[in-house]
Protein chains: 2
Amino acid sequence: MLALVRDEARVRLTDTWPAPTPGPDEVLVRITCAGICGTDLAIADGYAEFTGVLGHEFVGVVETDGPWRGRRVAVGINVGCGACRRCLGPGPEHCARRQVLGIRGRDGGFAEYTAVPARNLHAVPDDVADARAVFAEPLAAALRVAEQIQIRPSLRVAVLGPGRLGSLIAAVLARAGADVTAVGRRESSLAVARRWGLATAAIEDVAGADFDVVVDATGHRDGFARAAAAVRPEGTIVVKSTCGVPAAVDLDSVVVRELRVIGSRCGPMAAALRALHTDGAWRDRLDDLIDARFALADGVAALARAAEPGVRKVLLLP
Amino acid sequence: MLALVRDEARVRLTDTWPAPTPGPDEVLVRITCAGICGTDLAIADGYAEFTGVLGHEFVGVVETDGPWRGRRVAVGINVGCGACRRCLGPGPEHCARRQVLGIRGRDGGFAEYTAVPARNLHAVPDDVADARAVFAEPLAAALRVAEQIQIRPSLRVAVLGPGRLGSLIAAVLARAGADVTAVGRRESSLAVARRWGLATAAIEDVAGADFDVVVDATGHRDGFARAAAAVRPEGTIVVKSTCGVPAAVDLDSVVVRELRVIGSRCGPMAAALRALHTDGAWRDRLDDLIDARFALADGVAALARAAEPGVRKVLLLP
């Protein structure tokens, strides 16, 4: 089948990748739409040393016989062992033996087909089109922030890097009632945030602004220092960026200013799909984030486009 | 007067330091006992670029006329502007214009006298001897951890670096009901922890141990990485160490494992003095931590002694 894969330290398109054979308790999903994320770009550059089919944001139709057959689905990307205390308790996100679709030890969704455990499936409501349902995974990652900190109406939050993920985080936290400022370098990113009714500021202007919470969604190694400069004493920095390199962090300042730092990764897929289904405002917002559509056959060019400065979501259509 | 001071990038004893003149709302305190802390050693080495009289752990007697005259006191070390929202609200610890005794912009207590604002005074109960009251400041810093995280009976906590501060933190968290393990390199530190009824472990043995909370009180720049290796996914690292140099932190791992990091500094002096007054167990414990007493006149030798590996508290007697 056609697939965008990484092996031998490079990304290439192939039409001879073996179609997956679902294992026990797994189903075959025919991919109908996929999205390119910052993590895919980092992986293409060597982050996590992944080899296999890229892609963890996608929607598709189940082709395996059984209760899911013919249903449109989004897919939780963490595949746990199913037997450990983490898997049996809160979920597979922190299973020590987990695979992660397109990120760690398991093929992803930039292909014609993928095989996933049935327990990872989430039905997509009929009124949520593919090009919106494909946002379920990044929207879930944005919602994760609201699982980790208590959102209050008077909470002053800055989101650094209002790009493909940061925009969603800013919108989620504003929707939850916080006082959100989108902070960026690029006028085009800030224009979208303003269209969504968010306050905006230039990255150069927020040092010393004493935000209660600063979310680093810059994807850059200097994002943490920027966040630390913008947060108040005893404030919280939520780190969403993975950059593949250790950052030089002024831990003394974390101690002296008694900062709180929270790492944040995957979020609740079901809640994301519920938001896409019930909250009409997401429809227009997601359209604002889609910069381009490529055929899967042009996947290498699609990745290059997604890596251009200021480009937000690029979709891949198998 | 006699004073241990840092100026021109070195620490020296002088007997010609001018005795302080209390300003408005300040009192003169005659120092009777002081303690040497890891931060003093870092400052002696250049941390915070402090110049003036060293020392922020001390007890003394008020000599200024007024309601405090003749009373034994411990002293809160943060001197705020008294007018900002932080000072008028939670306290001076995070006032942007604060001075900190012996640390930032204001002379400390390794001297015969010091002048401090009356609002920073805390009366020492009669049954708390000087050599114990001098622990009020570091004990408050230890109690700060219990202000920042919720202590529960089943909470598995590791304290890395059970030295002069780490020992107090371990004892405080155990007293508050957590399941505490003191983790160190040195058998002598672990022996004290064991005498106090705490579980102990060697630093080499805790990687992968999945503690709920790990407190880094090592004072070393590699302490954070050790803590990160010992904490569970979604666990909390409390950072007590200031080392004067930026640390190379694996922020990607903080994100992927969704760790929480909390910087922790000064704590509640009144609560510390209450503990020393009401909890008899502290008497013996504090005696365990005192390794040496020096006359202030031998202050330079006292600092050298305190810097030796495995030495905990060294007291200075003016």
Side-chain angles (χ1 to χ4, degrees), chain A residues 39 42 47-48 85-86 90-91 93-96 98 100 103-104 141 144-145 147-149 208 210 216-217 219-221 223-225 227-228 232-267, chain B residues 39 42 47-48 85-86 89-91 93-96 98 100 103-104 141 144-145 147-149 208 210 216-217 219 221 223-225 227-228 232-267:
Chain A
T39 304
Y47 172 68
R85 211 169 54 169
R86 296 292 315 200
E93 289 77 9
H94 292 288
C95 168
R98 73 184 176 281
V100 187
I103 296 177
R104 177 163 147 168
R144 177 65 177 155
V145 179
E147 298 262 26
Q148 295 178 296
I149 61 174
D210 273 358
D216 171 20
H220 294 122
R221 64 182 299 178
F224 186 85
R232 67 165 169 80
E234 296 184 274
T236 298
I237 298 173
V238 178
V239 188
K240 270 289 183 189
S241 299
T242 50
C243 355
V245 286
V249 170
D250 183 358
L251 276 180
D252 285 1
S253 170
V254 171
V255 173
V256 170
R257 302 184 70 226
E258 297 193 304
L259 304 182
R260 288 174 179 249
V261 181
I262 302 179
S264 180
R265 205 177 91 224
C266 299
Chain B
T39 303
Y47 171 69
R85 210 170 55 168
R86 296 292 315 201
E93 289 78 8
H94 292 289
C95 168
R98 74 185 176 280
V100 186
I103 296 176
R104 177 163 148 167
R144 177 65 177 155
V145 179
E147 298 262 27
Q148 294 178 296
I149 61 173
D210 272 0
D216 171 20
R221 63 182 299 178
F224 186 85
R232 68 165 169 81
E234 296 185 273
T236 298
I237 298 173
V238 178
V239 188
K240 271 290 182 188
S241 298
T242 50
C243 352
V245 286
V249 170
D250 183 357
L251 276 180
D252 284 0
S253 170
V254 171
V255 173
V256 171
R257 304 184 70 225
E258 297 195 301
L259 304 182
R260 289 176 178 249
V261 181
I262 303 178
S264 180
R265 205 176 90 225
C266 299

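Given the structure is predicted, the values throughout are model-derived calculations rather than measurements. So you know, we letter chains A, B, ... as the sequences are listed, proteins then strands, and number each from 1.
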inquiry  = For B:Ser241, which atoms come within 4.5 Å of any heavy atom of chain A: side chain, backbone, both, or neither?
reply    = backbone

query = From A:Thr242 OG1 over to A:Tyr47 OH, what is the distance, rounded to the nearest 0.5 angstrom?
reply = 4.0 Å

key: Closest-packed option against chain A by number of heavy-atom pairs under 4.5 Å, given B:Thr236, B:Val256, B:Val100   = B:Val256

task = For each of A:Ser264, A:Ala248, A:Ala96, tally heavy-atom pairs with chain B at distances under 4.5 Å, and name the one with the top tally.
result = A:Ser264

Region of B:Ile262 that comes under 4.5 Å of a non-hydrogen atom in chain A = both

task = Give, for atom NE2 of B:His94 and atom CZ of B:Arg265, the distance between the pair rounded to the nearest 0.5 Å.
result = 5.0 Å

Top contributor to chain B interface from A:Ser253, A:Pro233, A:Cys266 [non-hydrogen pairs under 4.5 Å] = A:Pro233

inquiry  = Quick check against the 3.5 Å criterion: does B:Arg104 have a side-chain atom that pairs as donor or acceptor with the backbone of B:Arg98?
reply    = yes

key: Nearest atoms (heavy-atom pairs only) where B:Ala228 meets B:Leu259   = CB-CD1, 4.4 Å

inquiry  = If I measure from the heavy atoms of chain B, does A:Arg221 come under 4.5 Å with its side chain, its backbone, both, or neither?
reply    = neither

ask   = Which region of B:Arg144, side chain (C-beta onward) or backbone (N, CA, C, O), has a non-hydrogen atom less than 4.5 Å from a non-hydrogen atom of chain A, or is it both or neither?
value = side chain

ask   = Charged N to carboxylate O below 4.0 Å: is that the case for A:Arg86 and B:Glu234?
value = yes

query = Got a second to check how far A:Ile237's CD1 is from A:Asp216's CG, nearest 0.5 Å?
reply = 8.5 Å

task = Go through the atoms of B:Glu93 and report whether side chain, backbone, both or neither lie under 4.5 Å from a heavy atom of chain A.
result = neither

